[in-house]
Amino acid sequence: MTTHKTGTREEWLAARIELLKAEKDYTRRGDEIAQQRQNLPWVRIDEDYQFETEKGSASLADLFQGRTQLLVYHFMFGPDYAAGCPSCSSIADAFNGIAVHLANHDAMLWAISRAPLGKLLAYRRRMGWSFPWASSAGSTFNFDFRVSFTPEQQRRGQVDYNYELDGHAMDIKPAPEPVEQFAASCGTDAATYSCDRPGMSSFVLEDGVVYHAYSTYSRGVDAIWGMYPWLDRAPLGRNETGIWWKRNDEYGSQPQGRGSCCHSTEAK
């Protein structure tokens with residue numbers, strides 16, 4: 001017998017209608033927040049960032065590819081990683097499906113990482129992806145947008161991530177077990193792994209000038225993490241007690257059930 005509350009269809013319908021009121025309030029509040037994002041002041045980008053892409057060197061403006069808007073996913077793949085972050089990889093699994101729609105609605109989607117381009121493209125082939133991915137190696141792009149940090153910044157407690165100093169689980173010493181596990185899965189140690197962080201930034205191109213419009217980090221990327229909106233509507237919700245996801249080619253043939261361990265979102 002289930003331990004969850006049960007009821008009649010009529011009781012379910014009454015509770016569902018009550019929930020619908022809260023969901024509509026949530027949607028309206030989300031619309032208001034989206035408008036607040038769009039109302040943020042734009043910051044002119046004067047730095048001549050250069051990236052390596054499949055088609056050669058490119059400037060930030062080049063990444064727009066004729067569109068007005070540029071959406072960047074800051075993918076955790078540092079120069080010393082052997083593989084991309086598993087969390088970023090699960091987020092990126094959705095990019096192929098949406099990139100074509102965004103490109104036809106005046107917005108280019110790119111992933112950008114510090115690893116050399118050859119390493120990024122090899123990993124992209126492994127994962128079965130095709131979305132555009134650029135290497136920012138040799139530029140200050142990742143550092144300027146607060147998704148990469150130096151070992152010296154780590155030692156001095158000067159990691160300014162998600163708009164606060166040393167406020168993230170990845171800054172805890174010693175590193176929490178999920179961070180150690182993710183680092184090992186990327187072929188590196190926790191300190192090296194933590195030099196890069198996840199995030200998303202948007203830019204706009206107007207009259208030949210690029211402006212920074214928005215950035216979000218840490219759990220701010222939950223909104224673009226494709227599996228979570230589904231799990232939030234599943235009967236058991238996120239049902240997390242530790243790390244539970246893997247790269248898309250690491251699950252094996254048997255689906256994992258409720259007994260599998262899960263990931264604490266505070267580690268991202």
Side-chain angles (χ1 to χ4, degrees), residues 27-77 88 91-117 120-121 124 129-149 160-164 196-226 229:
T27 298
R28 293 188 191 100
R29 182 60 181 144
D31 292 342
E32 292 169 1
I33 292 172
Q35 188 61 57
Q36 284 183 268
R37 289 190 196 103
Q38 294 158 29
N39 290 341
L40 286 172
W42 295 350
V43 179
R44 181 183 175 119
I45 303 295
D46 292 317
E47 184 72 25
D48 184 22
Y49 298 114
Q50 293 294 311
F51 306 90
E52 288 303 314
T53 76
E54 292 175 275
K55 297 182 179 180
S57 295
S59 66
L60 188 60
D62 292 333
L63 300 185
F64 284 78
Q65 294 186 355
R67 280 76 173 181
T68 301
Q69 302 165 99
L70 173 65
L71 304 174
V72 170
Y73 182 69
H74 301 289
F75 195 117
M76 288 178 62
F77 202 142
C88 289
I91 292 171
D93 279 332
F95 290 177
N96 277 3
I98 63 173
V100 63
H101 298 289
L102 293 171
N104 283 279
H105 196 59
D106 196 30
M108 277 300 297
L109 172 64
W110 282 79
I112 296 181
S113 306
R114 287 199 302 142
L117 181 64
L120 300 179
L121 296 183
R124 189 179 71 171
W129 301 330
S130 59
F131 57 81
W133 203 343
S135 170
S136 60
S139 86
T140 61
F141 179 80
N142 277 52
F143 297 94
D144 292 347
F145 287 94
R146 303 294 190 269
V147 288
S148 292
F149 304 91
D160 181 9
Y161 177 65
N162 200 25
Y163 309 104
E164 61 179 341
D196 288 86
R197 308 290 174 93
M200 175 266 166
S201 293
S202 67
F203 303 87
V204 63
L205 180 63
E206 188 171 279
D207 297 327
V209 177
V210 177
Y211 299 89
H212 173 226
Y214 176 74
S215 288
T216 190
Y217 310 100
S218 191
R219 289 204 63 184
V221 301
D222 272 17
I224 60 169
W225 203 333

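These numbers come from a predicted model, not from an experiment. Position 1 is the first residue of the sequence; numbering continues from there.
- Residue Tyr73 comes nearest to Pro198 through the heavy atom pair OH-CB, 3.7 Å, listed as atom of the first residue, atom of the second, then distance.
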Could you go step by step and tell me if Phe95 and Ser130 meet the side chain to side chain contact (heavy atoms under 4.5 Å, CB included) rule?
-> CA-CA 9 Å; Phe95 290 177; Ser130 59; over 6 Å; no
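- Annotation: side chain of Gln69 is not in contact with side chain of Ser202 (no heavy-atom distance under 4.5 Å).
- When the salt bridge (Lys or Arg N to Asp or Glu O under 4.0 Å) test is applied to Asp62, no partner is found at least two apart in sequence or on another chain.
- Applying the side chain to side chain donor-acceptor pair (under 3.5 Å) criterion to Ser201, with sequence neighbours excluded, gives His74, Ser215.
- At a threshold of 4.5 Å between non-hydrogen side-chain atoms, the residues Phe149 and Tyr161 count as touching.
- Interatomic distance, CZ of Arg114 versus CG of Leu120, reported as 11.5 Å (0.5 Å rounding).
- With rounding to the nearest 0.5 angstrom, the CE atom of Met200 is 12.0 Å from the CD1 atom of Ile91.
- Residues forming a side chain to side chain donor-acceptor pair (under 3.5 Å) with Glu164 (at least two apart in sequence, or on another chain): none.
- Once rounded to the nearest 0.5 Å, the distance linking CZ of Phe131 with CZ of Arg124 reads 7.5 Å.
- Ring orientation note: the planes of Phe203 and His212 are tilted relative to one another, at an angle of 30° to 60°.
- For Tyr214, there are no ring-ring contact (aromatic ring centres under 6.0 Å, His included) partners at least two apart in sequence or on another chain.
- Under a 4.0 Å N-O distance rule, the pair Arg146/Asp160 qualifies as a salt bridge.
- The minimum heavy-atom distance between Pro229 and Gly226, with the atom names listed, is CD-O, 3.3 Å.
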For the pair Ile112 and Leu63, evaluate side chain to side chain contact (heavy atoms under 4.5 Å, CB included) and give the outcome as yes or no after the intermediate values.
-> CA-CA 11 Å; Ile112 296 181; Leu63 300 185; 4.0 Å; yes
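- In this structure, CH2 in Trp133 is found 10.0 Å from CG in Leu117, a value given to the nearest 0.5 Å.
- Between Met108 and Leu102 there is no side-chain heavy-atom pair separated by less than 4.5 Å.
- Between the side chains of Gln35 and Asp31, no donor N or O sits under 3.5 Å from an acceptor N or O.
- Listed by chain and number, the residues in a side chain to side chain donor-acceptor pair (under 3.5 Å) with Tyr49 are Asp144 (sequence neighbours excluded).
- Between Leu71 and Trp110, the closest side-chain pair of non-hydrogen atoms is not below 4.5 Å.
- In this structure, Ser135 and Phe77 have side chains that are not in contact, with every pair of non-hydrogen atoms separated by 4.5 Å or more.
- Atom CG of Leu60 and atom OG of Ser136 lie 11.0 Å apart (nearest 0.5 Å).
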Could you walk me through whether Glu54 and Leu121 pass side chain to side chain contact (heavy atoms under 4.5 Å, CB included), step by step?
-> CA-CA 8 Å; Glu54 292 175 275; Leu121 296 183; 3.7 Å; yes
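- Using a 4.5 Å heavy-atom cutoff, the side chains of Val147 and Asp196 are not in contact.
- Put simply, the side chain of Thr53 gets close to the backbone of Gly56: a donor and an acceptor are under 3.5 Å apart.
- Side-chain contact between Arg197 and Ser148 is absent, with no heavy-atom pair separated by less than 4.5 Å.
- Here the closest non-hydrogen pair linking Ala103 and Arg67 is O-NE, 2.9 Å.
- In this pair, Trp42 and Tyr211 present their aromatic rings tilted. The plane angle is within the 30 to 60° band.
- From Ile224, atom CD1 reaches atom OG1 of Thr216 across 8.5 Å, with rounding to the nearest 0.5 Å.
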Please test Leu205 against Leu70 for side chain to side chain contact (heavy atoms under 4.5 Å, CB included), starting from the C-alpha separation and ending with a verdict.
-> CA-CA 8 Å; Leu205 180 63; Leu70 173 65; over 6 Å; no
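- In this structure the side chain of Asn39 never reaches within 4.5 angstrom of the side chain of Gln36, judged on heavy atoms.
- The minimum heavy-atom distance between Gly199 and Tyr217, with the atom names listed, is CA-CD2, 3.9 Å.
- Between Phe145 and Phe141, the ring planes lie tilted relative to each other; the angle falls in the 30° to 60° range.
- Residues Ser57 and Glu52 bring a donor and an acceptor atom of their side chains to less than 3.5 Å of each other.
- With sequence neighbours left out, the side chain to side chain donor-acceptor pair (under 3.5 Å) criterion links Glu32 to Arg29.
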